[in-house]
Amino acid sequence: MDKHQYSFDYEVYDSISQLNEADAALLRAAQETAGIAYAPYSNFHVGAVARLANGQTVRGSNQENASYPVGLCAERVLLSAASSVYPGVAIDTIAISYNSNEVNSNRPISPCGICRQTLVEYETHLNHPIRLVLGGMKGKVFVIPKASLLLPFGFSGEDMK
Ligand code: THU
């Protein structure tokens, strides 16, 4: 029997002001985009903004539904929009932020399991790592070099070949 270990490096910044200008602008856009979420059931407003390889930005926010499982996370709204408006264009970086009346937005959140699976699908499809910049409205910011690091042992199309 062999024991293996999984670990990865990511960056931790004390605040948005320590980020480079491009990442800071993307995170500010994600904070703003949280403000246009449709989240009347959870009151948890999430914004995600992508910077694409062609220089364009695309945004998404969570879209809830009275039938709760129908709701979509900001990340998947964003990925569907980016793939529809700019099909085949690689995604360099996605910033994700959130706001809520009920919890303090002072630390990063990271994508849910379904969104991790979706992020990895687009990394594979576009053959390009997706950097993640994760931060609340204030507080620390995490920079993850590629989304697939968050989904060890993930299932992919390769497994069906
Ligand atoms: N949500 C996102 O949009 N992204 C995340 O990374 C975590 C959760 C949404 C889903 C739901 O509308 C609300 O936040 C509460 O779970």
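Whatever order the structure lists ligands and atoms in, that order sets their numbers, starting from 1.
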Can you find an N or O of V46 that's nearer than 3.5 Å to an N or O of ligand 1?
no
I need the minimum non-hydrogen distance between S148 and V120, along with the two atoms involved.
CA-CG2, 3.6 Å
For P111, atoms of ligand 1 separated by under 4.0 Å from a heavy atom
6 (O)
Answer whether the closest heavy-atom distance between the side chains of V133 and L26 falls below 4.5 Å.
no
Which ligand 1 atoms does C73 reach within 4.0 Å, using its non-hydrogen atoms?
1 (N), 2 (C), 3 (O), 4 (N), 10 (C)
State, with a plain yes or no, whether a side-chain heavy atom of F8 is found less than 4.5 Å away from one of I144.
yes
Are side-chain heavy atoms of T118 and E75 found at a separation under 4.5 Å?
no
Just jot down the ligand 1 atoms closer than 4.0 angstrom to any heavy atom of E64, in number order.
11 (C), 12 (O), 13 (C)
Show which atoms of ligand 1 fall inside a sub-4.0 Å distance from at least one heavy-atom site of A74.
2 (C), 3 (O)
To atom 14 (O) of ligand 1, the nearest of I109, N62, V77 on a heavy-atom basis is N62
With atoms numbered from 1 as shown, which atoms in ligand 1 lie under 4.0 angstrom from a non-hydrogen atom of S42?
13 (C), 15 (C)
Going by side chain to side chain donor-acceptor pair (under 3.5 Å), name the pairs with one or both residues in residues 43-61, residues two or more places apart or in two chains.
D23-R51, N43-E102, R51-T93, Q56-Y86, S61-Q63
Per-atom filter on ligand 1: closer than 4.0 angstrom to a heavy atom of E75 are 2 (C), 3 (O), 4 (N), 5 (C), 6 (O)
